[in-house]
Amino acid sequence: MTKTHPFILTVTLLLAACTETPKPGAEALASAKPSYDEPHRPQFHFTPAEAWMNDPNGLYYLDGVYHMSYQYYPDSTVWGPMHWGHATSTDLVHWQEQPIAIYPDSLGYIFSGSAVVDTRNTSGFGRDSVPPVVAVFTQHDPLALEAGRTDFQNQSLAYSPDQGRSWQKYAGNPVLRNDTGIQDFRDPKVIWHGESNQWVMALAVYDRVRFYGSPNLKDWAYLSEFGIPGDTRLWECPDLFPLRMPGSRELKWVLLVSIQKDGPTGGTGTSYFVGDFDGTTFRANPAAQQWLDYGADNYAFVTFDHAQVGWGQRLGIGWMSNWQYAQQVPTHPWRSAMTLPRMLELGQNGDTYFLKALPVPAVSSLWSSETTLPAEIDDGLEVTGAFSPSQCELALDMDLEQTTAEIFGCTLSNEAGEHLVIAFHRLENKVVVDRSNSGPRGFSDEFYKGPHTAPLDFSRAGLDLRIFFDRASAELFADGGRLNLTEIFFPQSPYTRMRLWTRGGKWVLQDGKVYGLDSIWQGEAAAR
Ligand code: FRU
């Protein structure tokens, strides 16, 4: 019944390290200051200045500031005793790294979890009518794991009286002990459920999500569980939230679940269900599991608490990597980036509800140049302009009635002959991303096992497409955000050429633009 997460192997090597000053990990950090301009350093995605990062944690908005914590190991560029790093932003585009928010302690490492703005002060942690922010996270105890116990993951609290600048652990930790006999018991995501007047926690428990309810964030009672009968893949980082159908009063509930194995490209991936929640039970057709992103590199995607976006939208962000190779990718002195923050909305096709996700509009504030493409692309077009192909947005509004090409695509390449190919197969209704020759890939056998394919319906009059290239990543959004596809790659030198090409006819655009994008790091680099 139990199953061991790959990092549990690593954990056993890092035993006794759960103090505020963990032992150095396996890979030393650079001695020089990070320049934010190292090879493969994303220019408009969040990365920590240095060291290892994975899942986004404790996301919330308060008084004009977005707060993002994340799984962080400050002493190495590989996974180790987890802390919560912390970054803030006022526009979701420019991020300032802050001091570490939460350190491991004698109860264990600080694994993934969430944070809520407790506006009613149900927890009693607030003082002088300032609402406390309460973080709810898993404490993973490596010593209990080593001792062969099954209850080494339990849920704890920390609270901040000053909007997230400083954190205090709750003296009564852990607040939810693992009494299930199942090892994997983690990643609490909490929301306020007004109808039942309680906090509701979604918790990943091996191959399912368990829901718990609480009046005060300290006392938790089991409510129900949700899983797929017969499916024993490991689930992580759940997130339950309501969404209204745009233009209607219909309210649905979305359950995001990250899956450790057999994601859309074989490794880890973020999936979701759309259903109903009555304060106790989540009901969805378990067969109706869908992928939030068809690429290899969007994991542990979770959403912000208290973001002022209305009932029809939900703001979230994902970890832009894959556990299959995340610890081997050739970046230094940091490892991993977050995806662009994305706004989720519901869509409907007959009886099927689905999510659409688009980058937050503020990304356009980075536009530094605009290059207009011709209305027709026949054979091939080398796109040149005041932008760098490795740091730009390609935005296309396609005329599919006039388009006759069977296949059309975009290739980025460099002087070394390395290239990333994104091809649209109109007759087969699919997109194919090929990173086989995108750069050296000897760092991991798992990185390339074949091209990645996603469904995309071309049998309509028009189709919108946006692709964001940021040195070592491409994020593709098509069909109003219905298709997301996120991929990372590591060319020896930046891609300097962008070529649009066709096979078997012409590719017709209603509108086509390439926008150069500014770096978000000038201020950060200067401040260090
Ligand atoms: C997901 C995850 C979580 C866990 C964290 C540990 O990537 O495995 O389940 O809390 O990472 O860093």
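Atoms considered below: every heavy atom in the structure, side chains included; atoms not considered: hydrogens, waters and symmetry mates. Here, residue 1 is the first one in the sequence, and each next residue gets the next number.
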Which heavy atom of [X] sits nearest to which heavy atom of [Y], and what is that distance?
X      : Y      : answer
Val190 : Ser114 : N-OG, 3.0 Å
Trp323 : Thr268 : N-OG1, 3.2 Å
Gly263 : Trp291 : CA-CH2, 3.5 Å
Pro246 : Leu346 : CD-O, 3.3 Å
Val116 : Asp305 : CA-OD2, 3.2 Å
Tyr294 : Thr265 : O-CG2, 3.5 Å

Please answer whether the main-chain N or O of [Y] pairs with a side-chain N or O of [X] as donor and acceptor at a distance below 3.5 Å.
X      : Y      : answer
Asp187 : Ala204 : no
Asp141 : Leu143 : yes
Ser214 : Asp219 : yes
Asn121 : Gly124 : yes
Asp297 : Ile488 : yes
Asp91  : His94  : yes
Arg335 : Gln327 : yes
Thr138 : Gln153 : no
Trp84  : Phe111 : yes
Ser224 : Thr280 : yes

Side-chain H-bond candidate by donor/acceptor type, [X] with [Y], under 3.5 Å:
X      : Y      : value
Ser196 : Gln198 : yes
Ser336 : Trp319 : yes
Glu475 : Asn484 : no
Tyr299 : Glu236 : yes
His452 : Glu487 : yes
Ser123 : Asp118 : yes
Asp518 : Gln43  : no
Gln289 : Ser271 : yes
Asp55  : Ser112 : yes
Tyr206 : Arg208 : no
Thr486 : Arg342 : yes
Gln183 : Thr150 : no

Contact check, side chains of [X] and [Y], non-hydrogen atoms, under 4.5 Å:
X      : Y      : value
Gln96  : Ser89  : no
Val254 : Leu344 : no
Trp235 : Ser258 : no
Pro174 : Gln155 : no
Pro132 : Pro161 : no
Lys252 : Asp276 : yes
Leu92  : Leu315 : yes
Asp207 : Leu234 : no

Hey, could you give me the [atom1]/[atom2] distance between [X] and [Y], rounded to the nearest 0.5 Å?
X      : Y      : atom1 : atom2 : result
Gln290 : Leu355 : CD    : CG    : 7.5 Å
Gln139 : Leu107 : CD    : CG    : 4.5 Å
Phe304 : Leu59  : CZ    : CG    : 4.5 Å
Gln98  : Met68  : CD    : CE    : 11.0 Å
Thr90  : Asp63  : OG1   : CG    : 13.0 Å
Leu256 : Thr303 : CG    : OG1   : 6.5 Å

Less than 4.0 Å between a side-chain N and a carboxylate O, is that true for [Y] and [X]?
X      : Y      : answer
Asp179 : Arg177 : no
Arg283 : Asp278 : yes
Glu393 : Arg466 : yes
Asp262 : Arg233 : no
Arg186 : Asp184 : yes
Arg314 : Glu345 : no

Would you call the rings of [X] and [Y] parallel, tilted or perpendicular, where under 30° means parallel and over 60° means perpendicular?
X      : Y      : value
His193 : Trp253 : tilted
Phe46  : Tyr70  : tilted
Trp192 : Trp199 : perpendicular
Tyr109 : His140 : parallel

Between His83 and Tyr72, does a ring pair (Phe, Tyr, Trp, His ring centres under 6.0 Å) hold up when you go through it step by step? CA-CA 5 Å; His83 302 51; Tyr72 189 52; 7.2 Å; no
Relative to Phe241, does Lys189 satisfy both conditions: NZ or CZ under 6.0 angstrom from the six-membered ring centre, and within 45 degrees of the ring's axis?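 No, Lys189 and Phe241 do not form such a contact.
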Compute both the distance and the angle, then confirm whether Arg41 meets the cation-pi test with Trp334: under 6.0 Å from the six-membered ring centre, within 45 degrees of the axis.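 Verdict for Trp334: a cation-pi partner in Arg41.
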From the options Phe44, Trp95, Tyr36, select the one residue that forms a ring pair (Phe, Tyr, Trp, His ring centres under 6.0 Å) with Trp521.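 The single option meeting the ring pair (Phe, Tyr, Trp, His ring centres under 6.0 Å) with Trp521 is Tyr36.
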With ring pair (Phe, Tyr, Trp, His ring centres under 6.0 Å) as the test, would you mind laying out the steps for Phe277 and Phe211 before giving the verdict? CA-CA 11 Å; Phe277 182 69; Phe211 299 102; 5.7 Å; yes
Chi angles and distances behind the ring pair (Phe, Tyr, Trp, His ring centres under 6.0 Å) call for Tyr73, Trp79: CA-CA 6 Å; Tyr73 181 33; Trp79 191 90; 7.9 Å; no
What about the rings of [X] and [Y], do their centers lie closer together than 6.0 Å?
X      : Y      : value
Tyr222 : Tyr212 : yes
Tyr60  : His67  : yes
Phe226 : Phe282 : yes

